[in-house]
Amino acid sequence: MEHMELPLVFFTVLSQAAIGLILINVLFGLPVTTTGSRFKIPAEPQTAFILLLIGLGASILHLGHPLGAVHALDGLGASWLSREILTFSILALLLAIAAGLSLKGKNTAAVWIVAGLVGIAGVIVQSFTYTPPSQPTLAGGVTLIFFIITVTILGTALNSCYAPESKQAPLAGVLGAALLLGLILNLLIPSMWLAGRPVAEATALMNFSSPLYWAHLIISFVLPLVVLAKTKRIPGWLVVLLLLGELIGRIAFFSLAVTTAARIGLQI
């Protein structure tokens with residue numbers, strides 16, 4: 001990719017935020033509200049659907065011919081991109097149903113859980129879609145690791161907007177653990193690339209010399225960890241900061257990985 005792909009940045013981050021909202025909600029056994037959150041935002045199903053809808057809308061802008069988006073499904077047998085589009089189209093349908101049921105005050109549990117399972121498949125498919133052979137540093141599960149961290153961080157943060165007081169401290173604990181792990185891995189993995197082949201080494205140097213990389217570490221991990229250490233809870237404004245940090249991190253993800261094409265004719 002090696003250049004900024006803003007449509008894919010918004011699609012992957014917002015879709016993973018929607019998936020995280022579902023999964024953390026289910027794992028914590030939180031009730032799915034019908035009246036919205038304490039911050040006057042819609043209930044969980046509507047919020048997840050809106051996030052995914054915005055993400056899907058952004059992803060269409062990535063296509064050379066947006067009006068021909070339906071043809072992206074033509075390669076289901078061989079293309080991870082086609083599988084990604086199908087998976088997230090199914091997820092969007094499930095969330096639309098859940099949002100509709102929620103608006104009517106009806107039980108969304110069954111649809112919500114199925115949407116969570118489809119969401120897990122969606123993150124896995126995304127990790128294959130954005131692990132091109134031309135970028136060896138993203139192979140071996142690295143992309144999936146980064147995506148799972150985003151799902152956990154944003155999902156936990158979003159659920160804090162809805163959770164009762166008794167769940168606030170446990171959510172803050174999970175978020176703190178995810179932030180610490182994310183910080184360690186975002187420092188460790190590029191450091192390991194330094195000892196790799198020239199493409200990996202070049203990718204590491206691109207990261208360590210980029211303001212985007214350091215901004216991501218500070219905004220997504222360091223500052224939130226300091227806030228959690230002081231407050232033991234997740235303030236509403238921190239959710240916005242975490243979303244901003246993940247968007248910056250995803251820009252770095254798409255723009256800083258060196259491709260093998262950069263070393264055509266040279267050792268890779």
Side-chain angles (χ1 to χ4, degrees), residues 1-17 19-20 55 58-59 61-64 79-81 83-84 122-154 178-225 241-268:
M1 285 159 268
E2 222 174 3
H3 58 280
M4 194 181 302
E5 296 282 1
L6 280 179
L8 296 184
V9 167
F10 282 98
F11 167 57
T12 56
V13 170
L14 294 181
S15 63
Q16 288 162 21
I19 292 167
S59 71
L61 298 178
H62 175 67
L63 301 176
S79 170
W80 283 106
L81 176 61
R83 295 163 189 161
E84 178 190 37
V123 175
I124 294 171
V125 170
Q126 276 186 335
S127 73
F128 283 104
T129 304
Y130 304 112
T131 308
S134 62
Q135 291 177 311
T137 53
L138 301 181
V142 170
T143 300
L144 181 58
I145 290 170
F146 286 152
F147 285 2
I148 289 174
I149 290 172
T150 299
V151 167
T152 306
I153 289 174
L154 294 183
L179 291 172
L180 183 58
L181 179 62
L183 178 60
I184 292 171
L185 290 176
N186 275 274
L187 287 168
L188 179 62
I189 291 174
S191 298
M192 293 171 62
W193 292 337
L194 280 174
R197 297 176 69 86
V199 167
E201 182 184 15
T203 300
L205 294 174
M206 282 281 288
N207 277 268
F208 289 140
S209 63
S210 171
L212 284 173
Y213 171 80
W214 295 107
H216 175 222
L217 293 189
I218 293 170
I219 296 173
S220 276
F221 305 114
V222 177
L223 289 179
L225 281 169
L241 184 69
L242 288 167
L243 179 58
L244 174 62
E246 289 305 305
L247 289 170
I248 293 172
R250 197 55 50 83
I251 291 172
F253 172 86
F254 281 120
S255 62
L256 299 179
V258 176
T259 69
T260 53
R263 296 190 62 85
I264 288 177
L266 302 173
Q267 182 185 13
I268 62 172

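Sequence positions, counted from 1, serve as the residue numbers for this chain. Only a predicted model underlies this, so the values are computations on that prediction, with no experimental measurement involved.
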(request) Decide yes or no on side chain to side chain contact (heavy atoms under 4.5 Å, CB included) for L205 and L194, but give the supporting numbers first. (result) CA-CA 7 Å; L205 294 174; L194 280 174; 3.9 Å; yes

(request) Verify side chain to side chain contact (heavy atoms under 4.5 Å, CB included) between H216 and L212, making sure each step is shown before the conclusion. (result) CA-CA 6 Å; H216 175 222; L212 284 173; over 6 Å; no

(request) Give the intermediate values and the outcome of side chain to side chain contact (heavy atoms under 4.5 Å, CB included) for residues L179 and V222. (result) CA-CA 8 Å; L179 291 172; V222 177; over 6 Å; no

(request) Give the C-alpha distance, both sets of side-chain angles, the deciding distance and a yes or no for side chain to side chain contact (heavy atoms under 4.5 Å, CB included) between F221 and L180. (result) CA-CA 7 Å; F221 305 114; L180 183 58; over 6 Å; no

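Between the CD1 atom of I219 and the CD1 atom of I248 there is a distance of 3.5 Å, given to the nearest 0.5 Å. Here the CE atom belonging to M206 is positioned 10.5 Å from the OG1 atom belonging to T137, to the nearest 0.5 angstrom. The line from CZ of R250 to CZ of F11 is 10.5 Å long, rounded to the nearest 0.5 Å. Note that CG of L138 and OG of S127 are 11.0 Å apart. Values are rounded to the nearest 0.5 Å. Atom CG of L6 and atom CD1 of I251 lie 5.5 Å apart (nearest 0.5 Å). To the nearest 0.5 angstrom, L8 atom CG is 4.5 Å from F254 atom CZ.
Under the side chain to side chain contact (heavy atoms under 4.5 Å, CB included) test applied with P136, the options V142, V199, V258 reduce to a single match, V199.
Considering only heavy atoms from C-beta on, T152 stays 4.5 Å or farther from L181 through its side chain.
Judged as a ring pair (Phe, Tyr, Trp, His ring centres under 6.0 Å), and not counting sequence neighbours, the contacts of Y213 are F208.
Between R83 and T129, the side chains place no donor N or O within less than 3.5 Å of an acceptor N or O (distance only, hydrogens not considered). Side-chain contact annotation: E246 with T150, donor-acceptor N/O pair under 3.5 Å present. Looking at Q126 and Q16, their side chains do bring a donor and an acceptor atom within 3.5 Å of each other. In the model, T131 has a side-chain atom that pairs as donor or acceptor with a side-chain atom of T143 under 3.5 Å.
What you find for L247 and V9 is that their closest heavy atoms are O-CG1, 3.7 Å. Residues W214 and N207 approach most closely at NE1-O, 4.3 Å, considering heavy atoms. Across all non-hydrogen atoms, the minimal contact from S220 to G245 is OG-C, 2.9 Å. Between G182 and N186, the shortest heavy-atom distance links the atoms O-ND2, 2.7 Å. The heavy-atom pair separating F10 from A58 by the smallest distance is CB-CB, 3.9 Å. Contact between T203 and A257 at its shortest, heavy atoms only, is CG2-CA, 3.8 Å.
Not less than 6.0 angstrom separates the ring centroid of F253 from the ring centroid of Y130.
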